[in-house]
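Structure first, then comments.
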2 protein chains.
Amino acid sequence: MMFFGEFEYKLDEKGRLPLPPRFRRYLKDGVVLIPGPEKCITVYPLAEWKKVADTLTTGSLAPSKMRTLNRALFATAFHMVIDSAGRISLPAPLRDFAGIYDEAIVAGVNKNMELWSPDEWAVEKASSQVQAWQIIESLEQK
Amino acid sequence: MMFFGEFEYKLDEKGRLPLPPRFRRYLKDGVVLIPGPEKCITVYPLAEWKKVADTLTTGSLAPSKMRTLNRALFATAFHMVIDSAGRISLPAPLRDFAGIYDEAIVAGVNKNMELWSPDEWAVEKASSQVQAWQIIESLEQK
DNA sequence: GGAAGACGTGGGAAAAAGTGGTAGAAAATG
DNA sequence: CATTTTCTACCACTTTTTCCCACGTCTTCC
């Protein structure tokens, strides 16, 4: 499954966020939410997250590094299930981390999704588009 | 398939745009719309876009660069299917980006198509024609 | 030149989606 | 242990979107 597209939704007063209808059939087992490398929430389908976690934790790392990695991967992760209306409730710690309050952008990014505050997303989107076409042009020249 | 030619259509009040009849048989799987490098919407047949995306995402880039690229390639892309009248509906974010409202130019550009507002297209067309002959002459000198 | 088919354009109906609310269950606290 | 509060799952309503149909015009072919 490839996730793509950009969708904007309101959160209700309980912190619930709809996911795009076209994604829902691939998220029956729920999703895993973790803080992203940027100021966003990274969303994996459960199966995909298991693959990522496996890949990372089978690497040969020093025990202390491995403990750190495990804490970051698992302790900050939330397994959320989609309700009958296609929504997940965003845990407060993650909302604060990403600065998401009234509304959020759901962005499909190939194997996973990202949740952004509209303001942060506007900035990130603009800069990524400029960079992307530069990369594309450099590849087309080959 | 090589797309060429220039076509002008009206959008209806629901944001739907017809695609040229001679293109339709090559677009059965739908099209992928992304913001163009200029102020236009770039349209790929699904298969063609997958090739581009594969090429780009299999390259060896630093993880942060790869995330940026993925955001530009996937998050701003929309997969649209042609309806029984040969139309696609243009997502609002892309319409705003390209300044397309009442009518649009569909331009065939080799492997893909581009959607322009008539005003922007007139400017781009004039300048690209002048530049094209200069480019061709510079190539012939080699 | 006429007729038939295709195309552009608009509208309408049905289905889906966004959003808010309510009730039940679980948990926490006194 | 009981009561209150919070969270979750389910339900319902309104808006939006999507799919399908129909009409008028243009092109093409006979």
Side-chain angles (χ1 to χ4, degrees), chain A residues 1 3-33 41 43 46 76-96 100-108 113 115-118 121, chain B residues 3-33 41 43 46 77-96 100-108 113 115-118 121:
Chain A
M1 175 57 186
F3 296 104
F4 49 94
E6 166 193 357
F7 309 87
E8 179 165 2
Y9 294 107
K10 282 187 194 170
L11 277 77
D12 61 22
E13 74 275 3
K14 299 172 190 171
R16 295 179 298 186
L17 177 76
L19 294 179
R22 60 181 62 178
F23 293 174
R24 290 175 192 168
R25 52 175 301 212
Y26 303 100
L27 307 174
K28 299 279 191 205
D29 299 330
V31 295
V32 176
L33 309 177
I41 303 173
V43 183
L46 181 59
T76 63
F78 291 85
H79 181 213
M80 291 286 129
V81 177
I82 300 179
D83 72 8
S84 61
R87 295 170 295 194
I88 54 173
S89 57
L90 296 186
L94 292 178
R95 282 215 306 273
D96 292 339
I100 293 173
Y101 301 106
D102 290 346
E103 41 196 351
I105 303 290
V106 181
M113 290 153 277
L115 311 180
W116 293 79
S117 84
W121 172 246
Chain B
F3 298 104
F4 48 93
E6 166 192 358
F7 309 86
E8 179 164 4
Y9 295 106
K10 281 187 193 170
L11 277 77
D12 61 23
E13 74 274 4
K14 297 175 187 173
R16 295 178 297 186
L17 177 77
L19 294 179
R22 63 182 61 176
F23 293 173
R24 289 175 193 169
R25 52 174 302 211
Y26 303 102
L27 307 175
K28 299 279 190 203
D29 299 329
V31 294
V32 176
L33 309 177
I41 303 173
V43 184
L46 181 60
F78 288 85
H79 182 211
M80 291 287 131
V81 177
I82 300 179
D83 72 7
S84 60
R87 296 170 293 194
I88 55 173
S89 57
L90 296 186
L94 292 177
R95 282 213 308 273
D96 292 340
I100 292 173
Y101 301 105
D102 290 346
E103 41 195 350
I105 304 290
V106 181
M113 290 155 276
L115 310 181
W116 291 80
S117 84
W121 174 248

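Just so we're on the same page: letters track the sequence lines, and every chain starts at 1.
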With the criterion being N/O to N/O and under 3.5 Å, what pairs connect the protein with nucleotides 23-27 of chain D, and how long is each?
none

Protein-nucleotides 28-30 of chain D N/O pairs closer than 3.5 Å?
none

Just the table, please: protein N/O against nucleotides 24-26 of chain C N/O, every pair under 3.5 Å.
none

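A 4.5 Å side-chain heavy-atom check between A:Val106 and A:Leu115 finds at least one atom pair inside the cut-off.
Atom pair A:Leu17:CG and C:dG18:C1' shows a separation of 11 Å (rounding to whole Å applied). Residue B:Asp83 contributes atom CG, which lies 16 Å from atom P of D:dA22 at whole-angstrom precision. For the pair A:Ile82 CD1 and C:dA17 C1', the computed distance is 14 Å after rounding to whole Å. For the pair A:Phe7 CZ and D:dT16 C1', the computed distance is 15 Å after rounding to whole Å. Protein atom CD1 of B:Ile88 is 16 Å distant from nucleotide atom C1' of D:dT17, rounded to whole Å. Taking atom NZ of residue A:Lys14 and atom P of nucleotide C:dG18, one finds them 18 Å apart after rounding to whole Å. Following rounding to the nearest Å, B:Asp102 (CG) and C:dG10 (P) show an atom-to-atom distance of 10 Å.
The distance from atom OG1 of A:Thr76 to atom CG of A:Leu94, rounded to the nearest 0.5 Å, is 7.5 Å. Here the CH2-CD1 distance, from B:Trp116 to B:Ile41, works out to 11.0 Å after rounding to the nearest 0.5 Å. The CD1 atom of B:Ile105 sits 9.0 Å away from atom CD1 of B:Ile100, with the distance rounded to the nearest 0.5 Å.
The two residues A:Pro21 and A:Tyr9 make their nearest non-hydrogen contact at CD-OH, 3.6 Å. Residues B:Trp121 and B:Ala107 approach most closely at CH2-CB, 3.7 Å, considering heavy atoms.
In this structure, the salt bridge (Lys or Arg N to Asp or Glu O under 4.0 Å) partners of B:Glu6, at least two apart in sequence or on a different chain, are B:Lys125. With sequence neighbours left out, B:Ala77 forms a side-chain contact (heavy atoms from CB on, under 4.5 Å) with A:Phe4, B:Val32, B:Ile34, B:Trp49. Under the side-chain contact (heavy atoms from CB on, under 4.5 Å) criterion, A:Ile88 pairs with A:Leu19, A:Val31, A:Leu33, A:Met80, A:Ile82, A:Leu90, not counting sequence neighbours. Residues meeting the ring pair (Phe, Tyr, Trp, His ring centres under 6.0 Å) test with B:Phe7, sequence neighbours left out: B:Phe23. Residues satisfying the side-chain contact (heavy atoms from CB on, under 4.5 Å) criterion with A:Tyr26, sequence neighbours excluded, are A:Met1, A:Phe3.
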Task: Protein-to-nucleotide contact annotation, 5' to 3' order, nucleotides 3-9 of chain C [B base; S sugar-phosphate only; - none; under 4.0 Å, heavy atom] - done: ----SSB

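Sorted by first then second residue, the salt bridge (Lys or Arg N to Asp or Glu O under 4.0 Å) pairs that include residues 13-28 of chain A, not counting sequence neighbours, are A:Asp12-A:Arg16. Every pair passing side-chain hydrogen bond (donor to acceptor under 3.5 Å, both in side chains) that includes a residue from residues 86-95 of chain B is listed here, sequence neighbours excluded: B:Asp83-B:Arg87.
Of the two residues near DNA chain D, A:Arg16 and B:Met80, the one whose nearest nucleotide lies more 5' is A:Arg16.
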